[in-house]
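Atoms within a ligand are numbered from 1 in the order they appear, just like the ligands themselves. Any value given below was found using the heavy atoms of this structure, including those in side chains, with hydrogens, waters and symmetry copies removed.
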Amino acid sequence: MTKVIKNGTIVTHDLTYKADVLIDGGRIVEIGPDLKADTQIDATGCYVMPGGIDPHTHLEMPFMGTYSADDFDSGTRAALAGGTTMVVDFALPSPGQGLLDALKMWDNKSTRAHCDYSFHMAVTWWGQQVFDEMETVVKERGINTFKHFMAYKGALMVQDDEMYASFQRLAELGAIALVHAENGDVVADLSAKLLAEGNTGPEGHAYSRPPQVEGEATNRAIMIADMAGVPLYVVHTSCEDSHEAIRRARQQGKRVWGEPLIQHLTLDESEYFNKDWDHAARRVMSPPFRNKQHQDSLWAGLQSGSLSVVATDHCAFTTAQKRTGLGDFTKIPNGTGGLEDRMPMLWTHGVATGRLTMNEFVAVTSANIAKILNCYPRKGAIRVGSDADIVVWDPEKEKTITADKQVSAIDYNVFEGQQVKGLPRFTLTRGHVAVHDGELRAEEGHGQFVKRPPKGAVSKALSSYKAITAPRPVGRSGIPASGV
Ligand SMILES: NC(=O)NCCC(=O)O
Ligand SMILES: [Zn+2]
Ligand SMILES: [Zn+2]
């Protein structure tokens, strides 16, 4: 059964033009005028864009004594409802657990996915087993990105020497290092002091993680990545301190990317000072929301290209789960939702305000990350041969975001009450119409794992450059190099 998307305007990261898109067997097979097919999808008045890719989700993740509430079923349905057609989740070994063992757990959970997905691997401890298994993870499982937590002391956090060893191994394998950049030692100490002084509420979470701790860790990770010769991707970049480090590194020719979240772009720290404990606790995430100056910095980074991708870090906990931290903010499960809202919120606050062009919108919601993850142009593109992961975007369609109508399994929405303009009319996942004229028709198990080979263009370029510029002994006549 062929399908054709007709009467729309195609928008990719580099082009805007009118054409029809013909789909067969889950792929785009032709782009041009007057195409015919068995079924027709009407895109009159709409933009036909690559489906969104959210490179940062935590679905059914064991964390802080509980599991995040959205799993691969509700999470990927929420994604499709909002125009996102691929998610990249984190396989998280518990300390001492092997990487391949952890991957089996994520393989089991993800069979329910309604859209395509991939995994990043987390490095939560270091040892010979991790070193050895990294090769299989990269070469056989098609995972080329490994996350390191510089925070969550006593749980997921790794030390600098472990990170350096891991980064060197990734450089050898042609993979990419990811970091959660916050100084975990300082956060732990500040948290203990705040609690001792009676700062037990959710605002304590924000006080314990000021921008400086993120800036310091980002600088440190950039230095370690540079020494190891590995490209670095900094997840949830929330502030100028971290953005400044990334911007400076990029200007120096270092291979570093930054990923702001839609939450940090559109919500600010005043949320934590709300008198309603539940309201504030529901917004507890790491790093916390920042002030207007930091938000402006993030928007400027997206405009200028010093920041590359907008994600969600979707890690949703119910109010009941958040209440574990009543009387002690360090026990509030860290994380917020956003999968369903990322694209409409970014369009409304970015494209509709003139902060982003439509092409920049596509770049930061899909094409850039597909290139970084080494799955472009299979994903992130409207091209012949690409997967038919497509969103038919209606710029006139409006709604008010409310938990009552959301797909996510939790009982609130951090964007509650926000009016968004710009929503999917259709969302196609490998040719299957999962959103049909606004109605969700997703299929459990339709989602497939996307393998991402190592040695992408940036990894290759960096390893050549590091090899050429590596220290070499100076040959001096008459004196043997060994000095004997
Ligand atoms: N971000 C957050 O608060 N929770 C999810 C885990 C992480 O990415 O740090
Ligand atoms: Zn993180
Ligand atoms: Zn995360």
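Counting only heavy atoms of the protein, atom 4 (N) of ligand 1 lies nearest to Asn334 O, 3.0 Å. Among protein heavy atoms, the minimum distance from atom 7 (C) of ligand 1 is reached at Tyr152 OH, 3.5 Å. Looking from atom 1 (N) of ligand 1 to the surrounding protein, the closest heavy atom is Asp313 OD2, 2.6 Å.
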Report the C-alpha distance between Tyr67 and Phe317 in whole Å, list the side-chain angles of each, state the deciding distance to 0.1 Å, and finish with yes or no for ring pair (Phe, Tyr, Trp, His ring centres under 6.0 Å). CA-CA 8 Å; Tyr67 280 83; Phe317 296 101; 9.8 Å; no

Where do His114 and His446 land on the ring pair (Phe, Tyr, Trp, His ring centres under 6.0 Å) test, with the steps shown first? CA-CA 5 Å; His114 295 252; His446 169 84; 8.9 Å; no

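Residue contacts with ligand 1, taken as heavy atom pairs separated by less than 4.0 Å, involve Lys147 solely via side-chain atoms from C-beta onward. Under 4.0 Å from ligand 1, heavy atoms of Met285 appear from its side chain as well as its backbone.
For the residue pair Ser408 and Glu340, no side-chain donor N or O sits within less than 3.5 Å of a side-chain acceptor on the partner. Side chain to side chain, Arg247 and Ser304 fail the donor-acceptor criterion of an N or O pair below 3.5 Å.
Excluding waters, the set of protein N/O/S atoms under 2.8 Å from the Zn ion (ligand 3) reads His56 NE2, His58 NE2, Asp313 OD1.
Contact atoms of ligand 1 toward Ser286: 1 (N), 2 (C), 3 (O) (distance under 4.0 Å to a heavy atom of the residue). For ligand 1, the atoms closer than 4.0 angstrom to any heavy atom of His236 are 8 (O), 9 (O). Every atom of ligand 1 is numbered from 1 in the order shown, and the set under 4.0 Å from a heavy atom of His56 is 8 (O). Near Cys315, meaning under 4.0 Å from any of its heavy atoms, are these atoms of ligand 1: 5 (C).
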Can you list, pair by pair, the side-chain donor-acceptor contacts under 3.5 Å of residues 58-66, counting residues two or more places apart and other chains?
from: His58; atom 1: NE2; to: His56; atom 2: NE2; distance (Å): 3.2
from: His58; atom 1: NE2; to: Asp313; atom 2: OD1; distance (Å): 3.0
from: Thr66; atom 1: OG1; to: Gln321; atom 2: NE2; distance (Å): 2.7

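Remark: Lys109 fails to qualify as a cation-pi partner of Phe72 under the 6.0 Å distance and 45° angle criteria applied to the six-membered ring. Within the cation-pi definition used here (under 6.0 Å to the ring centroid, within 45° of the axis), Arg255 does not qualify as a partner of Tyr233.
For Met49, the side-chain contact (heavy atoms from CB on, under 4.5 Å) partners are Val11, Tyr47, Trp347, Phe361, Val362, Val391, Trp393, not counting sequence neighbours. Take His148 and apply the ring-ring contact (aromatic ring centres under 6.0 Å, His included) test, not counting sequence neighbours, and it matches Phe167.
For His279 and Tyr412, the ring centers sit 6.0 Å or farther from each other.
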